[in-house]
Amino acid sequence: MEKKYIFVHTFGCQMNVHDSEKIVALMENSGYESVDDVRKADLVIINTCSIREKAAQKVYSQLGRLEKLKSKKPELIIGVGGCLAQQWGAKFIERVPYLNLVFGTHNIHHLPEFIDTIEKTGVPVVKTEFHESVKSLGIPVQSRNGRVSSYVTIMQGCNNFCSYCVVPYVRGHEESRNFCDIVDEVKTLTANGIREVILLGQNVNSYCGTNGSGHDFADLVQEIGMISGIERIRFTTSHPKDLSDKLVNCFSAVDKLCEHIHLPVQSGSDRILRMMNRCYTSSDYFDRVDKLRTVCPDISITSDIIVGFPGETDRDFQATIDMMGKIRFDNIFSFKYSEREGTAAAGLGDKVSECVKRDRLRMVQALQERHTIERNRAMVGKNEEILVEAISKNSREDMAGRTRTNKIVNFKGNYELIGKTISVTITDAYLHSLRGELTKEEVIKC
Ligand code: SAM
Ligand code: SF4
């Protein structure tokens with residue numbers, strides 16, 4: 001049989017990255033091979049994101065480029081999956097008539113059947129139904145290219161309905177995956193050389209095991225912590241309102257749980273947090289951060305911040321700046337508020353102008369750069385345990401690994417170190433990475 005090639009372009013968050021890995025794994029089982037050059041592809045899948053307008057625009061630009069390719073190669077199959085596909089459904093084909101496939105966030109596991117139908121009939125397929133089961137969560141993804149870290153989906157959807165956010169509408173309501181299935185997947189990954197797992201969900205703190213035993217997320221972390229072969233556990237994302245003391249205590253009780261938490265705060269103003277339907281106050285958030293730093297003094301804390309939510313005054317914005325000054329995050333993702341159709345905030349008046357949003361975003365980012373550098377410089381001279389991941393992107397002479405606090409360290413070393421946990425001394429600190437050198441003990445071992 002003639003070999004066929006798939007090219008996947010991914011927009012958006014880690015969930016989408018992991019969904020794309022599942023798409024590739026499914027199509028590889030159906031005889032396709034993944035390629036990096038779109039011109040070689042017989043099948044192109046765009047895994048879309050609709051969290052902000054900018055993300056959606058990028059998808060349409062990418063599809064515009066593909067139209068030219070399709071005019072030269074009419075047999076090319078082009079499909080869109082992910083959040084924008086879920087939102088638009090059949091309307092996507094009206095807008096982009098050369099599309100062959102639109103599939104929703106709950107339909108990934110049917111992809112080979114969809115492609116088979118299109119290959120046989122040439123008729124476009126649109127499938128965006130939400131299913132009750134979580135079948136697409138457990139699609140096995142092989143560890144490839146000597147990777148040492150792997151995502152593991154533990155749940156899908158979200159019940160929180162933050163007033164600005166489209167996720168509950170495009171990913172459906174929250175569903176947790178079976179506890180034993182997750183543990184089994186992690187065991188299989190270790191057998192394939194994976195040393196670190198990143199547990200994924202929109203709100204991992206509300207994980208609730210579906211095997212009738214009522215296991216919560218802290219139980220899951222503890223269980224995975226007992227699997228030999230796994231050296232590091234990470235997770236994302238945590239909602240501050242559901243961050244239990246039991247989970248916080250895992251940062252000291254479970255050795256393998258890395259000292260990093262991504263805890264999106266969104267705003268420092270209680271008025272805005274209320275309008276966002278976040279269900280915590282700034283003081284609740286400070287309390288959670290204090291607790292984390294008491295249990296685990298070296299923990300790195302990262303966050304998400306939205307500027308320019310409708311009605312955000314200078315005073316509200318100042319509360320965000322003040323909060324950043326008090327907490328001194330290791331890093332943040334910061335966004336201008338983007339109105340999403342169908343969300344509760346889309347109906348709010350008192351919109352903040354683009355120009356004010358832009359200025360506020362710049363201020364937040366400039367302040368964060370100062371804090372990131374300050375936190376990174378505080379690590380200079382310290383010995384850090386790093387898991388070596390790959391050859392460095394900066395120089396082929398260097399290797400790159402991550403500290404337990406999730407900071408990238410570049411250092412001189414050889415590729416045989418990939419997959420090993422080693423000790424380095426931090427010698428320099430930059431905004432996006434650290435520089436290190438092998439400790440004397442490591443040099444002797446090498
Ligand atoms: N579930 C995670 C949580 O609530 O912590 C976050 C998921 S969302 C994919 C990632 C981030 O995108 C959010 O934390 C928020 O800061 C940002 N975001 C979501 N909707 C947005 C919107 N309409 N405009 C701007 N930023 C938005
Ligand atoms: Fe969106 Fe809020 Fe759910 Fe996060 S918790 S995915 S921001 S609705």
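Ligands are counted one by one from 1 in listed order, and the atoms in each one are counted from 1 as well.
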Is there a polar contact, in the sense of an N or O pair closer than 3.5 Å, between [X] and ligand 1?
X    : result
Y337 : no
Q266 : yes
D304 : yes

What is the nearest protein non-hydrogen atom to [atom], stated with its residue, atom name and distance?
atom                    : result
atom 1 (Fe) of ligand 2 : C165 SG, 2.3 Å
atom 8 (S) of ligand 2  : C162 N, 3.4 Å
atom 5 (S) of ligand 2  : N160 ND2, 3.4 Å
atom 6 (C) of ligand 1  : Q202 OE1, 4.1 Å
atom 22 (C) of ligand 1 : S338 O, 3.6 Å
atom 5 (O) of ligand 1  : P264 CG, 2.9 Å
atom 21 (C) of ligand 1 : Y164 CD1, 3.7 Å
atom 7 (S) of ligand 2  : Y164 OH, 3.4 Å

Answer with yes or no whether [X] contacts ligand 1, where contact means a heavy atom under 4.0 Å from a ligand atom.
X    : value
K336 : yes
I51  : yes
R278 : yes

Residue portion contacting ligand 1 (non-hydrogen atoms closer than 4.0 Å) for R52: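 For R52, the contact with ligand 1 is made by the side chain alone.
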Location of contacts on F335 toward ligand 1, heavy atoms closer than 4.0 Å: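 Side chain only.
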Pair Q368-S334, side chain to side chain donor-acceptor pair (under 3.5 Å): steps then yes or no: CA-CA 9 Å; Q368 185 54 46; S334 49; over 6 Å; no
Under a 3.5 Å threshold, yes or no: a donor from one side chain and an acceptor from the other, between [X] and [Y]?
X    : Y    : answer
D270 : T281 : no
T421 : E231 : yes
Y164 : Q266 : yes
Q318 : D322 : yes
S267 : S269 : no

Atom indices of ligand 2, in the order listed, that fall short of 4.0 Å to a heavy atom of H239: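 The list of qualifying atoms is 5 (S).
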Atoms of ligand 2, numbered as shown, that sit under 4.0 Å from any heavy atom of R278: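 Reading through ligand 2 atom by atom, the close ones are 2 (Fe), 7 (S).
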C158 N/O/S atom closer than 2.8 Å to atom 2 (Fe) of ligand 2: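 No, since none of the N, O or S atoms of C158 sits under 2.8 Å from atom 2 (Fe) of ligand 2.
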Sole residue of E389, E21, E196 in salt bridge (charged side-chain N to carboxylate O under 4.0 Å, His left out) with R147: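 With R147 as partner, E389, E21, E196 yield a single salt bridge (charged side-chain N to carboxylate O under 4.0 Å, His left out), made by E21.
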Per-residue contact class, P168 against ligand 2 - non-hydrogen pairs under 4.0 Å: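 Answer for P168: side chain.
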Determine whether the aromatic ring centres of residues [Y] and [X] are separated by less than 6.0 angstrom.
X    : Y    : result
F317 : F309 : no
Y430 : H432 : no
F130 : H173 : no

Under-4.0 Å salt bridge between D298 and R404: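 Salt bridge: no.
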For T237, the ligand 1 atoms whose distance to one of its heavy atoms is below 4.0 Å: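 The atoms of ligand 1 under 4.0 Å from a heavy atom of T237 are 2 (C), 3 (C), 5 (O).
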Heavy-atom nearest neighbour of atom 6 (S) of ligand 2 within options M15, R171, Q202, Q266: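 Heavy atom nearest to atom 6 (S) of ligand 2 belongs to Q202.
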Parallel, tilted or perpendicular: ring planes of F333 versus F335, cut at 30 and 60 degrees: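 Correct class here is parallel.
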Atom NZ of K246: over 12 foreign heavy atoms under 6.0 Å: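 Yes, NZ of K246 has more than 12 neighbouring heavy atoms, counting only those of other groups under 6.0 Å.
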